[in-house]
**Q** 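If you scroll down you'll find the structure; I have some questions about it.
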Amino acid sequence: MAKMKGDIVIDIDKCKGCEVCIPACPVDVIGVSKNVNGKGYNYVETVNDECTGCTNCAVVCPDGVITVYRKKIE
Amino acid sequence: MDTVIKKEDIRKPENLVYKKTPLLTDKVMSYCPGCGHGTAHRVVMEVLEEMGLQDKTIGIAPVGCSVLAYEFMNIDMQQAAHGRAPAVATAVKRLFPEKFVFTYQGDGDLAAIGTAETIHACNRGENIVIIFINNGIYGMTGGQMAPTTLPNMKSSTSPYGRDVATMGNPLRITELVAQLPGTLYVTRQAVHTPVAVRKAKKAVRKAFENQKLNKGLSFVEIVSNCNSGWKMTPNVANQWMVDNMFPYYPLGDIKVNED
Amino acid sequence: MKELRLMKGNEAFAEAAIRAGADGYFGYPITPQSEVMEYLMAEKTHERTGMIVLQAESEVAAINMVYGGASCGKRVLTSSSSPGMSLKQEGISYIAGAELPCVIMNAVRGGPGLGTIQPAQSDYFQSTKGGGHGDYRLIVLAPSSVQEMADFAPLAFDLAFKYRNPVLVLSDGAIGQMMEKVELQEQRPRLTEEEIIKNTPWATTGKTANRERNIITSLNLDSHVQEEHNIHLQKKYRLIEENETRFETFQTEDADYLLIAYGTSARLSQKAVDIARAKGIKLGLLRPITLFPFPTKPIAELANQVTGILSVEMSAGQMVEDVRLAVNGKVKVEHFGRMGGVIPSPQEIVEALESKIIGG
């Protein structure tokens, strides 16, 4: 059965750590990093490999810092 | 048997499904973390990109938190005096009728100091788009009461809550302009969830498509959060918005034209 | 083709604006200048040249429409009278700050407040010292005839675009309402979009791939950047002072005394010169045509020749301050004027000269 496998790239320098993307993700891929970026924000990062590439996180990100990839897996 | 897929195999140009539109500049937006302004900016710019309108659009920025919208929107823009964006846009569209013209305004700008300009641009049926961000507060100046502040809602100038007996009622200006014959399309949207963002984008798209019809003004309100002004974290603010703002400012189309 | 017509000053200004190739007029009715918009509407300018004429909901909206049009590199104008000009000051400050070219006409009436609808010159301070908030100047042209109302419309557009600066035509209720013979200039073509892009590359015409986006704003959150902008503006104003000072003199060659007056007062003062000369008083007149830049140098030079100067103005005495700055104490300078819409008679001016300067 074909399945979608996704991945996201977060621009951690521009992420403000608002966490709006976290509840938007249906498979709980995103969490808050323990590290801070140059602006002092605890940016978000991926915490598992369940991403389906649904783009929900990128669509709600106020700062447009998330890029989404999706590949069909046979 | 599941094959192990490496991230490098997924992160390839042919698999790209979402990236920031080039119609947003690379500047870090000046908005607070979680502020709906950024999402609203992106929605408008994605629509302009998809319609291929970068070289045909002139945007008008307001006074308020989005005064610097021109720093983030990669199009020709004018910064208007407080509340005057609809008057500025009126002239731009009248003098350049083939261009696409929009204003981007907050609730203090549009519904208080700019009420006359808003109502008369709507009533004249100017063939422009107004994007109206309603977060119930003056964000930039530090969280003062806005025309849209809810009854009993606290702000820095209504520290004990908005007393409607002395401070007046919150203004539903969107319902008001919907009654004017000059408005073609009037809708209220939000950008706090993926579903809401996708709906808002459809509304903004329709508003800009309407400019081709030359039949009147399209008005898109976006109810948004102001987590700094409301003194909440972004996700809590979004839930507060659902529980408190949406009952007073219900989402959905108020006036719709046939395409 | 040039054409002779008998017209009101307000009508001549409106007709001249059309012929100057104006793209848009935005106004709000107020006495004594409503003929401007009435004339433009009656002319069906949209059919004649394609010029847009729009009656705005307020003077505030009208001047902001001018801001929008000027930001597009279009030739746009508005007109009003004193109380309406007060409302426009916000927009004018933004226009000056953003360095936008436009033309504004004020048919001054007596104030303060709602005042009167009769002619006055009591908006001199507002017109020449900025008017709204911040350090800025308008180029101010002061017509004293219907002919100059017509001539100054194209001149104002030329100066506005040359310096990217708002230009004010400071008329009054008398010049606006009186009828005189006027020679109208030939119709100039309106600018095409290609010409706008070429002549005013800063204008918001839509961001094309071959250039960065154009932004029209008067905002600089960095105070050092704002100061740089202020320095740039001041340099521009000094350049305008150097290049654009306009005035005319009348019988000053042998004058012992001098009147200084602009607009309606200058017409009356010219008659006063004749009356005084008939009485044996060697009187001359200097008429500033630009109030900013003010003809400081020619006044300073005449101060070496004459023994006293009377500044004649339909106000409590506003221009007289600039005359005194120019004269710098060399000779006596006094003010004479009537207020509240009252026009002084030439005889009164001569009497004032005799009592305040010659006998004073």
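Remember, predicted model here, so these are calculated numbers, not experimental data. Just so it is clear, the values below take in all heavy atoms, side chains as well, and ignore hydrogens, waters and symmetry mates.
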**Q** By a 4.5 Å heavy-atom criterion (distance strictly below it), what part of C/Ala203 contacts chain B: side chain, backbone, both, or neither?
**A** backbone
**Q** Which residue, B/Leu23, B/Thr25, B/Ile75, forms the side-chain contact (heavy atoms from CB on, under 4.5 Å) with C/Arg213?
**A** B/Thr25
**Q** Around atom CD of C/Glu227, are there more than 12 heavy atoms from other residues, nucleotides or ligands closer than 6.0 Å?
**A**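 It does not: C/Glu227 CD has 12 such atoms or fewer within range.
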**Q** Quick check: are there more than 12 heavy atoms from other residues, nucleotides or ligands sitting under 6.0 Å from CD of C/Glu212?
**A**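 Open: at most 12 neighbouring heavy atoms sit under 6.0 Å from CD of C/Glu212.
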**Q** Heavy-atom distance under 4.5 Å to chain C: side chain of B/Ile60, backbone, both or neither?
**A**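 When you check distances to chain C, no heavy atom of B/Ile60 falls under 4.5 Å.
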**Q** What's the shortest heavy-atom distance between B/Ala80 and C/Tyr67, and which atoms?
**A** CA-CE2, 4.5 Å
**Q** Is it the backbone or the side chain of C/Leu221 that comes under 4.5 Å from a heavy atom of chain B, or both, or neither?
**A** side chain
**Q** Check B/Ala91 against C/Gly69 and note the closest heavy-atom contact, atom names and distance.
**A**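 Result for this residue pair: CB-N, 3.9 Å.
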**Q** Using a 6.0 Å cut-off, check whether atom OH of C/Tyr39 has over 12 heavy atoms from anything other than its own residue.
**A** yes
**Q** Can you tell me which of B/Val67, B/Thr57, B/Asn74 forms the most heavy-atom pairs within a distance under 4.5 Å of chain C?
**A** B/Asn74
**Q** Specify which of B/Arg94, B/His120, B/Arg84 makes the most heavy-atom pairs with chain C at under 4.5 Å.
**A** B/Arg84
**Q** Got a sec: does the NE2 of C/His224 have more than 12 other heavy atoms crowding it under 6.0 Å?
**A**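 No, not enclosed.
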**Q** Which one of B/His82, B/Lys56, B/Gln79 has the most heavy-atom pairs closer than 4.5 Å to chain C?
**A** B/Gln79
**Q** Between atom CZ of B/Phe96 and atom CG of C/Asp23, what is the distance when rounded to the nearest 0.5 Å?
**A** 8.5 Å
**Q** For each of B/Met73, B/Gln78, B/Glu71, tally heavy-atom pairs with chain C at distances under 4.5 Å, and name the one with the top tally.
**A** B/Gln78
**Q** Considering heavy atoms only, which positions within residues 72-93 of chain C lie below 4.5 Å of chain B?
**A**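 Within residues 72-93 of chain C, the residues that come under 4.5 Å of chain B (heavy atoms only) are C/Cys72, C/Lys74, C/Val76, C/Glu90.
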**Q** Under 4.5 Å heavy-atom distance to chain C, tell me which part of B/Leu95 shows up: side chain, backbone, both or neither.
**A** both
**Q** Could you tell me which non-hydrogen atom of C/Thr217 sits nearest to which non-hydrogen atom of B/Tyr70, and how far apart they are?
**A** OG1-OH, 3.2 Å
**Q** Provide the closest heavy-atom pair for C/Met65 versus B/Ala87 in the form atom of the first, atom of the second, distance.
**A**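 Heavy atoms of C/Met65 and B/Ala87 come nearest at CG-O, 3.2 Å.
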**Q** NZ of C/Lys235: more than 12 outside heavy atoms within 6.0 angstrom?
**A** no
**Q** Give the minimum heavy-atom separation between B/Ala116 and C/Glu57, together with the two atoms involved.
**A**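 For B/Ala116 and C/Glu57, the tightest heavy-atom pair comes out as O-OE2, 3.7 Å.
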**Q** Would one find more than 12 heavy atoms of other residues, nucleotides or ligands at under 6.0 Å from atom CD of C/Gln234?
**A** yes
**Q** For the interface with chain C, which of B/Asp76, B/Leu68, B/Thr90 has the highest count of heavy-atom pairs at distances below 4.5 Å?
**A**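 Option with the top pair count is B/Asp76.
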**Q** Does B/Lys202 have more than 12 heavy atoms from other residues, nucleotides or ligands lying within 6.0 Å of its NZ?
**A** no
**Q** What residue in C/Leu219, C/Thr205, C/Thr208, C/Val60 has the most heavy-atom pairs under 4.5 Å with chain B?
**A**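 Result: the option with the highest number of such pairs is C/Thr205.
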**Q** How far does CZ of B/Arg124 sit from CG of C/Leu54, to the nearest 0.5 angstrom?
**A** 5.0 Å
